[in-house]
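Notes for the one structure printed next.
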Amino acid sequence: MPLLIKNGRIVTATDDYHADIYCEGETITRIERGINPGGLPSGVRVINADGHFVFPGFIDPHVHVYLPFMGTYAKDTWETASRAALAGGTTTLIEMICPGKAEEPLAAFETWLSKARGVASCDYSFHMGVTRFDDLAERQLREIVGRGITSFKVFLAYKGALGVDDRELYRTLRLAKELGVVVTAHCENETLVAERQAELIAAGHTGPEYHEASRPVRVEAEGVQHLMTFAELTGASVYIVHTSCREAVAEAVRGFSRGVNGWIEVVLPHLILDESFARKAGFEGAKYVMSPPLRDAAQQAPMWDSLRAGNISTVATDHAPFDFESQKSMGKGDFTKIPNGIPSVENRVDLLYTHGVCTGRIDLHTFVNAASTAAARIFGLKGKGVISPGADADLVVYDPTYRGTISAKTHHMATDYSAFEGWEVRGRASYVSVRGAVMVEQGRVTGVAGQGRLVPRLCASSAHTSRC
Ligand code: URP
Ligand code: ZN
Ligand code: ZN
């Protein structure tokens, strides 16, 4: 059904104006003032966006949905995670494929794809996790890139589990350079983490409040510096995920100034939560255990500053959903066994708007760029992140007058808790379309599951000019 969005204030990464948007099939075909519905084919769906923003569909470039990790599985399915994403205005997710070290990359790719295909309500793609690098892995990685998965993921952390050694890191980056794909990287020095964890546990420091001490800021900064050295020597493009502190940002910027091509991501929890949450009484702090850890509150202002200045390109979530009662509890008596992660895919846009735009920390263009457009550009998501004729009709009609409260009782994520229980939001996605199909109406997810599609992607080196 054709879709006409009338009277909205269209805000993109670069523009701010009033106009109507007409969508036919899956794409935007006209953007003009005063489009008369009477002159359009019968059956056109009209949404009045008077008093609302119209944003391009938001993109979360770092989520985990299917995640075998730390002796358990993340709680969401693609059905729950994609509905949660849409409720929060996110129309495209990029999930990390995290194969076990013994797993073949192609088999892992098929497994992860099968979890989303026919189930997801929003569009999606993947970063291909490289947890081993040998001849077979290299052959299969080439094939996976040929199927449009034009980014890799490496973990410098998680010793003995997902982490790669330096030989594997070097070869992965060399292959990425050859293929023109981006390498996303979790940067923490895994040996330092393992040693400090062992020391803290041996000293009887077993609660979630010690998680930060086991991986302090220099551990992360060292990881970034390490990645930058390898990127410099191979020429690969790198994207540093969930950067949590000014020390890590400084190492990345230092690398960029030496000629490394790359981008920095911050995730919502690091912008608005701090390490005091991990000190909550009664093991409540486990809800706030993620890696890199939540930092001293004084780290937040420099992260917002870097976002405003453009040193940080994207705001993702690193959505990694584990229940409090049955999963986070695995780490009672030993914080190193608490499954890492904070569920947040549903709340990113509203909390970034509330704590970023409404407070004046970032303007509307930075908000749209960081939560949508930059990810589309960096990861070559064709047709996404913009509002222009020919683009995918992924649109968010956003109500800035809405006031609401976050709660696990009402969220769409599968977890039994919210890290933001009781927090106020000052805006919400009233209507959301994915390629022209209206999936959210008056804030309620109404779309049919399974509508989501694997997004065609371009290579980093040729973004927006050619397919891989
Ligand atoms: O704590 C986190 N970040 N959990 C998910 C896995 C990862 O490191 O991204
Ligand atoms: Zn990570
Ligand atoms: Zn992650």
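In each ligand, atom 1 is the first atom listed, and ligand 1 is the first ligand listed. Below, each value reflects all heavy atoms present in this structure, side chains not excepted, and no hydrogens, waters or symmetry copies.
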If you measure only the distance, is there a donor-acceptor pair under 3.5 Å linking the side chains of [X] and [Y]?
| X | Y | answer |
| --- | --- | --- |
| Y124 | E95 | no |
| T314 | Y239 | yes |
| H411 | E346 | no |

Checklist line | Heavy-atom pair of closest approach, residues H365 and A13 | finding: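 Heavy atoms only, the tightest pair is CB-O, 3.2 Å.
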
Which residue and heavy atom of the protein sit nearest [atom], plus the separation:
| atom | answer |
| --- | --- |
| atom 1 (O) of ligand 1 | S291 N, 2.8 Å |
| atom 8 (O) of ligand 1 | Y158 OH, 2.6 Å |
| atom 3 (N) of ligand 1 | D318 OD2, 2.5 Å |

Margin query: Is there a polar contact, in the sense of an N or O pair closer than 3.5 Å, between K153 and ligand 1?
Written below: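 Between K153 and ligand 1 (N or O atoms, distance only) the closest approach is not under 3.5 Å.
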
Next item on the list: Give the C-alpha distance, both sets of side-chain angles, the deciding distance and a yes or no for salt bridge (Lys or Arg N to Asp or Glu O under 4.0 Å) between K384 and D392.
Entry: CA-CA 6 Å; K384 307 293 190 192; D392 285 2; 2.8 Å; yes

Applying a 4.0 Å heavy-atom criterion (strictly less than), which segment of [X] is in contact with ligand 1: side chain, backbone, both, or neither?
| X | value |
| --- | --- |
| N340 | both |
| M290 | both |
| M96 | neither |

When the aromatic ring centroids of [X] and [Y] are compared, is their separation below 6.0 Å?
| X | Y | answer |
| --- | --- | --- |
| F133 | Y170 | no |
| H211 | Y288 | no |
| H205 | F335 | no |

Margin query: With carbon and hydrogen excluded and only N/O/S kept, which atom of H62 is nearest the Zn ion (ligand 3)?
Written below: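 Closest to the Zn ion (ligand 3) among those atoms: NE2.
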
Notebook entry, point to check: With no hydrogens and no angle check, is any side-chain donor or acceptor of K101 less than 3.5 Å from a backbone partner on G163?
Noted result: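 Here the side-chain-to-backbone pair exists.
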
Margin query: So for H62, does at least one of its heavy atoms come nearer than 4.0 angstrom to any atom of ligand 1?
Written below: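 Distance cut 4.0 Å: H62 passes for ligand 1.
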
Next item on the list: Spell out the protein N/O/S atoms under 2.8 Å from the Zn ion (ligand 2) as residue plus atom name.
Entry: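 Counting only protein N, O or S atoms under 2.8 Å from the Zn ion (ligand 2), the list reads H186 ND1, H242 NE2.
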
Next item on the list: May I ask you to say whether R435 pairs ionically with D123, meaning some side-chain N is under 4.0 Å from a carboxylate O?
Entry: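 Yes, charged N to carboxylate O under 4.0 Å.
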
